[in-house]
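Just so you know, these numbers use all the heavy atoms, side chains as well, and skip hydrogens, waters and symmetry mates. Letters A, B, ... are given to chains in the order of the sequence lines, protein chains preceding strands, and every chain is numbered from 1. A quick note: this is a predicted structure, and the numbers were derived from the prediction, not measured.
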Protein chains: 2
Amino acid sequence: MADILGGFEQAVLLSLVKLDKEAYGRSIIREASICLNREVAAGAVYATLDRLEAKGLIASSLSPGTPIRDGRARRYFRLTAAGVRALNESKTALENLWRNTRWPLKGNA
Amino acid sequence: MADILGGFEQAVLLSLVKLDKEAYGRSIIREASICLNREVAAGAVYATLDRLEAKGLIASSLSPGTPIRDGRARRYFRLTAAGVRALNESKTALENLWRNTRWPLKGNA
DNA sequence: GCCATAGTGTCTACATTGTAGACTACTATT
DNA sequence: AATAGTAGTCTACAATGTAGACACTATGGC
């Protein structure tokens, strides 16, 4: 199993961090679009959220008690301790990968 | 198509950078193991090298003229201009992803 | 009441990337 | 010839990335 999270997973996870209490499907999609600077499909995000939840890196819960007012119930997501760890470790591994490499690379092709 | 190279691809590509003229299958495997701080299977590396070559990010050539002395002919790899670009862009995209995020993250779960 | 619209979540299908492990080749040594 | 050391190849499958169609609930206007 890859010990480094993929770019998309990191984007989704970091979106949760930034949105904090306001992290639910559609808001995550919007935030991830900004982070990655491109359009991201709803399915892509939900599929990733499901996988991350299956791995225990995030947890979800439907709109807490409060009455639903604007459409379907929102599903809120939050990072678990394991999620925070995985994110930190991925970042660290990536830093190590580039350590000792002057960047940006000069086109030496 | 992911605009951010995966961690393994980056490790392989960066190994080429570090090994420079001495980048061939087995030496890349050794270097990648160091970069990632874990064992990597030969098949994993060769498969990745083939894919990167198919995408035009690297190019290969068999041991240049010189007589083969220690086993099967070596296949040397080198980054193409597109490869350098892809590597730089991945790094940049990752930097942007983490921009404005204090790191390491505090376990707020 | 009925329809259009807006905001949400779900499902299916497929492409790409990550990885393991067994296997083939060639040389030098014993 | 048998063995070990260095190289590269192939197959198969798991994990991740992504698109696009679809379904549910509520509101506002006709």
Whole angstrom is fine here: how far is it from [atom1] in [X] over to [atom2] in [N]?
| X | N | atom1 | atom2 | result |
| --- | --- | --- | --- | --- |
| A:I29 | C:dG9 | CD1 | P | 8 Å |
| A:I4 | D:dT16 | CD1 | P | 13 Å |
| B:K55 | C:dG18 | NZ | C1' | 12 Å |
| A:R74 | C:dT10 | CZ | P | 14 Å |
| B:L49 | C:dT16 | CG | P | 18 Å |
| B:L52 | C:dT17 | CG | P | 8 Å |
| A:E9 | C:dT17 | CD | P | 14 Å |
| A:Y24 | C:dG7 | OH | P | 9 Å |

Less than 3.5 Å apart, which donor and acceptor atoms pair up between the side chains of residues 27-34 of chain A and the rest of the protein, not counting sequence neighbours?
unit_1	atom_1	unit_2	atom_2	d
A:S27	OG	A:E22	O	2.8
A:S27	OG	A:Y24	N	3.1
A:S27	OG	A:Y24	O	2.9
A:R30	NH2	A:Y24	OH	3.3
A:S33	OG	A:I29	O	2.9

Between [X] and [Y] (salt bridge meaning N to carboxylate O under 4.0 Å), is one present in this structure?
| X | Y | result |
| --- | --- | --- |
| B:E9 | B:K55 | yes |
| B:E53 | B:R75 | yes |
| B:E95 | B:K91 | yes |

Backbone of A:L105 reached by a side-chain donor or acceptor of B:N88 within 3.5 Å: yes
Side-chain (A:T80) to main-chain (A:G56) donor-acceptor, under 3.5 angstrom: yes
Just the table, please: protein N/O against nucleotides 9-11 of chain D N/O, every pair under 3.5 Å.
unit_1	atom_1	unit_2	atom_2	d
D:dT9	OP2	B:R75	NH1	2.9

Distance test, side-chain N/O of B:R38 to OP1/OP2 of C:dT19, below 4.0 Å: yes
Distance-only donor-acceptor test (3.5 Å): side chain A:R51, base D:dG17: yes
